[in-house]
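What follows is a single structure, written as structure tokens, with notes after it.
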Amino acid sequence: MIKLAFEMRLKDKIAIITGAAAGIGEASSRLFAAEGATVVALDLDSAGLDRLVGEIRDQGFACHGLCVDVTSSIRCREAVEWTARELGRIDILFNNAGVVHQGTLLEASEEDWDQALDINVKSMFRTCRHALPVMLRQGSGNIINTASVAGFSGVVKRGVYSTSKAAVVGLTKSLAIDYIGNGIRANCICPATVDTPSLQSRINTAADPEQARRDFIARQPMGRLCQAEEIAALALYLASDESVYMTGQAVVIDGAMTL
Ligand SMILES: NC(=O)c1ccc[n+]([C@@H]2O[C@H](COP(=O)([O-])OP(=O)(O)OC[C@H]3O[C@@H](n4cnc5c(N)ncnc54)[C@H](O)[C@@H]3O)[C@@H](O)[C@H]2O)c1
């Protein structure tokens, strides 16, 4: 029988989160730790990781930081193996690290294409290929991937990015169906416009940053941007046993942008 009220929704879970030092990954790391998980925070920003880990620990919660570039197969393998060896298991793998390439396909170089697919998609293969054997041995596991509404709806000037995020949806469904008999779930989150450092840096590149921010807000029917904590709340639901009957889903959280 599933409980309807949950306290410490990730109590005793071990959770790896990539892209953890800022934005959605940071908010999720804080929330997962506060809900009882031991968080293994992966990012290439070592100063950001140190700050995050220190703040989470100061609150009495459990967090480890590993400086990992998710484009490195070796570093991804080492991080996953460290987690399994030192913490004993891997319950949740939240593949969140990603970058936005702005522009149409004609405005993208081969390097842009390779970088977007490498960071946004292939990185998930790198972590999953080492976490899955651990989850298979456990007979349980939960994979959450960050996709985007750009992966299935037309978003202007996101040619390469949209392609990469559509691949994340496909990867998620493939994981879900292949491992459904092994107690392993996989879902992905499809946000619209979230007010994170990555969005702010895109805004800062505009000729008129204030107008650029207004333009991002204008495409959101709710009249405001999403907050990283609102995505973290969905990630928490997917990571917890409350969503135990859900797998293979691309969950849209977009303030009605694609309605
Ligand atoms: N912000 C949005 O509007 C939005 C909308 C839809 C989807 N997303 C997706 O959400 C995810 C997180 O985005 P965000 O807005 O929170 O970004 P962010 O830039 O605010 O944070 C991303 C974090 O990932 C880290 N990172 C980047 N490349 C890395 C790499 N190669 N290896 C390890 N870490 C790396 C960065 O250092 C940073 O700490 C991404 O996958 C993004 O595509 C964001």
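Both counts, for ligands and for their atoms, begin at 1 and track the order of listing.
- Against a heavy-atom cut-off of under 4.0 Å, G23 is close to the following atoms of ligand 1: 16 (O), 20 (O).
- With respect to the salt-bridge test (charged N to carboxylate O, under 4.0 angstrom), the residues E242 and R9 qualify.
- E26 contributes no side-chain N or O that, together with a main-chain N or O of I24, makes up a donor-acceptor pair within less than 3.5 Å.
- Here the heavy atom of the protein found nearest to atom 32 (N) of ligand 1 is V70 N, 2.9 Å.
- Only the backbone of V68 comes within contact range of ligand 1, with a heavy atom under 4.0 Å; no side-chain atom does.
- Scanning D254, V194, T196 for the heavy atom closest to atom 3 (O) of ligand 1 points to V194.
- Nearest heavy atom pair, residue D91 against residue D12, reads OD2-O, 4.0 Å.
- Near P197, meaning under 4.0 Å from any of its heavy atoms, are these atoms of ligand 1: 20 (O).
- For the pair K122 and D114, the salt-bridge criterion is not met [side-chain N within less than 4.0 Å of a carboxylate O].
- Atoms of ligand 1 found under 4.0 Å from any heavy atom of T193 (numbered from 1 in listed order, with element): 3 (O).
- In this structure, A97 counts as a contact residue of ligand 1, since one of its heavy atoms falls inside 4.0 Å of the ligand.
- The option from S148, G19, A192, A116 that lies nearest to atom 4 (C) of ligand 1, judged by heavy atoms, is A192.
- A salt bridge is defined here as a Lys NZ or Arg NE, NH1 or NH2 lying under 4.0 Å from an Asp or Glu carboxylate O, and R224 with E230 meets this definition.
- Closest to atom 8 (N) of ligand 1 among all protein heavy atoms lies Y161 OH, 3.5 Å.
- Within 6.0 Å of CE in M222 there are 12 or fewer heavy atoms belonging to other residues, nucleotides or ligands.
- For ligand 1, the polar-atom distance check against T71 finds no nitrogen or oxygen pair separated by under 3.5 Å.
- Counting heavy atoms closer than 4.0 Å to ligand 1, residue A147 contributes backbone atoms (N, CA, C, O) but none from C-beta onward.
- Using a 4.0 Å cut-off between a side-chain N of Lys or Arg and a carboxylate O of Asp or Glu, R85 and E81 do not qualify as a salt bridge.
- A centroid separation of 6.0 Å or more is found between the aromatic rings of H101 and W113.
- Proximity of a side-chain donor or acceptor of T18 to a complementary backbone N or O of N95 within less than 3.5 Å is not detected.
- At least one heavy atom of L44 sits closer than 4.0 Å to an atom of ligand 1.
- Under the 4.5 Å side-chain criterion, counting only non-hydrogen atoms from C-beta, R137 is not in contact with R89.
- Summary of contacts: the protein heavy atom closest to atom 16 (O) of ligand 1 is I24 N, 2.8 Å.
- The protein heavy atom nearest to atom 37 (O) of ligand 1 is D43 OD1, 2.7 Å.
- You'll find the side chain of L136 reaches within 4.5 Å of the side chain of Y179, heavy atoms only.
- Between E55 and R30 there is a salt bridge, since at least one side-chain N of the basic residue sits less than 4.0 Å from a carboxylate O of the acidic one.
- Linking ILVMFWY residues whenever their side-chain heavy atoms come closer than 4.5 Å, directly or via other members, places L238 and V39 in the same cluster.
- Closest to atom 40 (C) of ligand 1 among all protein heavy atoms lies N96 O, 3.3 Å.
- Of all the heavy atoms of C190, none lies under 4.0 Å from any atom of ligand 1, so neither backbone nor side chain is involved.
- Here the side chains of V169 and K165 are not in contact, with every heavy-atom distance at 4.5 Å or above.
- Using a 4.0 Å heavy-atom cutoff, E26 is absent from the residues neighbouring ligand 1.
- Remark: minimum distance from atom 10 (O) of ligand 1 to any protein heavy atom is reached at T146 CG2, 3.2 Å.
- In the candidate list C226, S198, S72, S198 is nearest to atom 17 (O) of ligand 1, counting heavy atoms.
- Contacts between R158 and ligand 1 below 4.0 angstrom, taking non-hydrogen atoms only, are absent altogether.
- Residue D69 has at least one N or O atom closer than 3.5 Å to an N or O atom of ligand 1.
- Considering both main-chain and side-chain atoms, L199 never comes within under 3.5 Å of ligand 1 through any nitrogen or oxygen pair.
- The shortest N or O to N or O distance between V100 and ligand 1 is not under 3.5 Å.
- Under a 4.0 Å heavy-atom criterion, R202 is in contact with ligand 1.
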